[in-house]
Peer 1: 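Encoded as structure tokens, here's the structure I'll be asking about.
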Amino acid sequence: MTDITTHKTARRRLLIALSITSTFMVIQFIVSFFANSMAVLADAGHLFVHNSSLVVALIASSIAIHLAKNYNAGYKKAELIGGLINGILYLAIAATIIFASTNKLVNHAEHSHEVNTFLMTAVSGLGFLFHAASAYVLYQGRKESVNVYAVFLHSFLDLLSTVLTFSAGIVIYFTGWVDIDIFSSLIIATFVLITGFRVIKKCIDGLVETDSALPAATDIESRLTNLEHISSVHNVTVDKQGSKTIVGAHIVLKPSCTKELHHDLCQLAVEKCLLQEFLVKHSVLQIEAHQCKHC
């Protein structure tokens with residue numbers, strides 16, 4: 001079952017990725033001025049929106065950590081809503097790139113300005129290193145969180161974007177064919193568009209699945225602690241898998257029960273309580289002996 005530690009790990013990965021991409025975004029904005037490259041400037045703007053999606057993911061992850069303490073399914077909704085917002089941002093990015101690229105293609109005369117291809121390729125090569133580092137950090141945690149997965153996909157697209165921009169700079173340098181920059185942008189926009197639809201579909205499906213309310217973990221912990229054979233309860237989790245509600249908990253026996261080995265009786269009492277008071281038929285219980293020197 002997913003625990004709070006997992007969410008904190010996901011948030012740490014997002015923070016590292018944000019620091020990496022924000023640094024490179026500043027570099028891109030500066031270089032775009034000296035290179036006189038609209039492609040580099042557009043990529044910097046694209047990265048600005050990417051960093052905005054990272055901030056959304058971080059906010060969702062922070063809410064997830066808070067909700068996971070009392071309502072274990074809450075983190076799923078928080079992260080899915082954050083992922084949904086990211087998916088919408090992807091579509092907005094794709095639409096902006098397509099509009100700008102087609103506008104440049106129609107107004108072909110505007111592309112006669114000089115472009116410093118050396119700076120264009122240099123910043124793209126540097127961007128490859130930055131995005132590779134960010135993608136690596138996120139790749140390791142892509143299965144832990146839908147937000148990490150969504151931002152990883154975006155970072156992978158940024159990595160691909162730097163490769164295309166680098167290649168476009170080389171082609172422009174040797175051939176003078178400026179339109180290759182526009183076609184590269186349209187390819188990136190297509191990938192972003194597909195990714196956005198995939199993320200939105202995944203998040204909507206997840207929100208539908210987690211729509212039904214689950215019993216609060218704090219209520220279950222409080223009720224189980226009052227049972228006859230139990231000294232304390234900790235690590236309570238509540239999750240939903242398909243139509244099944246599953247409760248996990250660590251149960252510490254009272255000293256007397258530990259001495260008399262009432263493990264089975266204690267587990268039966270817990271399962272009966274979960275069924276009668278919370279309508280939970282499935283549970284994963286770990287019965288622990290009371291830690292005392294006479295037991």
Side-chain angles (χ1 to χ4, degrees), residues 1-14 58 60-83 140-149 205-295:
M1 294 186 180
T2 308
D3 54 22
I4 297 175
T5 303
T6 302
H7 306 308
K8 290 183 177 179
T9 301
R11 184 171 61 175
R12 185 167 59 250
R13 294 187 190 281
L14 292 170
L58 279 167
S61 181
S62 299
I63 295 174
I65 292 173
H66 173 72
L67 292 177
K69 295 177 182 178
N70 298 313
Y71 187 58
N72 201 54
Y75 79 88
K76 291 183 179 179
K77 288 191 175 182
E79 290 201 328
L80 288 169
I81 291 173
Q140 293 180 313
R142 70 195 188 284
K143 295 182 179 179
E144 299 170 358
S145 163
V146 67
N147 271 302
V148 173
Y149 170 74
D205 291 343
L207 286 170
V208 171
E209 289 178 2
T210 59
D211 189 54
S212 57
L214 297 178
T218 51
D219 291 344
I220 293 177
E221 180 178 346
S222 176
R223 182 62 186 91
L224 294 182
T225 304
N226 293 327
L227 291 179
E228 180 182 358
H229 305 279
I230 297 176
S231 174
S232 64
V233 179
H234 58 95
N235 289 1
V236 177
T237 59
V238 186
D239 201 0
K240 195 173 187 67
Q241 297 181 4
S243 60
K244 297 180 181 178
T245 300
I246 303 176
V247 171
H250 289 207
I251 310 295
V252 181
L253 297 178
K254 289 182 178 179
S256 58
C257 293
T258 300
K259 293 179 183 179
E260 298 175 12
L261 302 177
H262 284 175
H263 296 70
D264 293 338
L265 183 61
C266 175
Q267 182 167 342
L268 182 62
V270 171
E271 291 174 349
K272 183 178 180 181
C273 176
L274 290 174
L275 179 60
Q276 291 181 346
E277 300 190 25
F278 300 98
L279 302 178
V280 174
K281 299 180 181 179
H282 305 277
S283 59
V284 180
L285 306 175
Q286 181 173 329
I287 309 300
E288 302 175 359
H290 194 281
Q291 298 298 321
C292 60
K293 61 181 179 180
H294 301 296
C295 298

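On a predicted model such as this, the values are computed, not experimentally measured, just so you know. Below, all heavy atoms of this structure are taken into account, side chains as well, without hydrogens, waters or symmetry copies.
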Peer 1: Taking all heavy atoms of Val233 and all of Glu221, pick out the closest pair and write down the distance.
Peer 2: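 Closest pair (atom of Val233, atom of Glu221, distance): O-OE2, 3.2 Å.
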Peer 1: Quick check for you: to the nearest 0.5 Å, what is the distance between Gln276 atom CD and Glu271 atom CD?
Peer 2: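 Taking CD in Gln276 and CD in Glu271, the distance rounds to 12.0 Å.
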Peer 1: To the closest 0.5 Å, what do you measure between OG (Ser231) and CD (Glu288)?
Peer 2: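 Answer rounded to 0.5 Å: 10.5 Å.
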Peer 1: Minimum heavy-atom separation for Ile287 and Cys266, please, with both atom names.
Peer 2: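 Taking every non-hydrogen atom into account, CD1-SG, 4.5 Å.
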Peer 1: Going from CD1 on Ile220 to OG on Ser283, what distance comes out if it is rounded to the nearest 0.5 angstrom?
Peer 2: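 Result: 10.0 Å between the selected atoms.
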Peer 1: What are the two closest heavy atoms between Cys273 and Leu227, and how far apart are they?
Peer 2: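 Cys273 and Leu227 have their closest heavy atoms at CB-CD1, 4.2 Å.
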Peer 1: Rounded to the nearest 0.5 Å, how far apart are NE2 of His234 and OG1 of Thr225?
Peer 2: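 Result: 10.0 Å between the selected atoms.
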Peer 1: I need the single residue from Ile246, Thr245, Thr218, Val280 that forms a side-chain contact (heavy atoms from CB on, under 4.5 Å) with Val238. Which is it?
Peer 2: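 For Val238, the side-chain contact (heavy atoms from CB on, under 4.5 Å) test succeeds with only one of Ile246, Thr245, Thr218, Val280, which is Thr245.
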Peer 1: Could you tell me the separation between the CD1 atom of Ile251 and the CD1 atom of Ile230, rounded to the nearest 0.5 Å?
Peer 2: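 One gets 4.5 Å once the value is rounded to the nearest 0.5 Å.
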Peer 1: Nearest 0.5 Å, please: how far is CG in Leu224 from NE2 in His250?
Peer 2: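 His250 atom NE2 to Leu224 atom CG measures 13.0 Å (nearest 0.5 Å).
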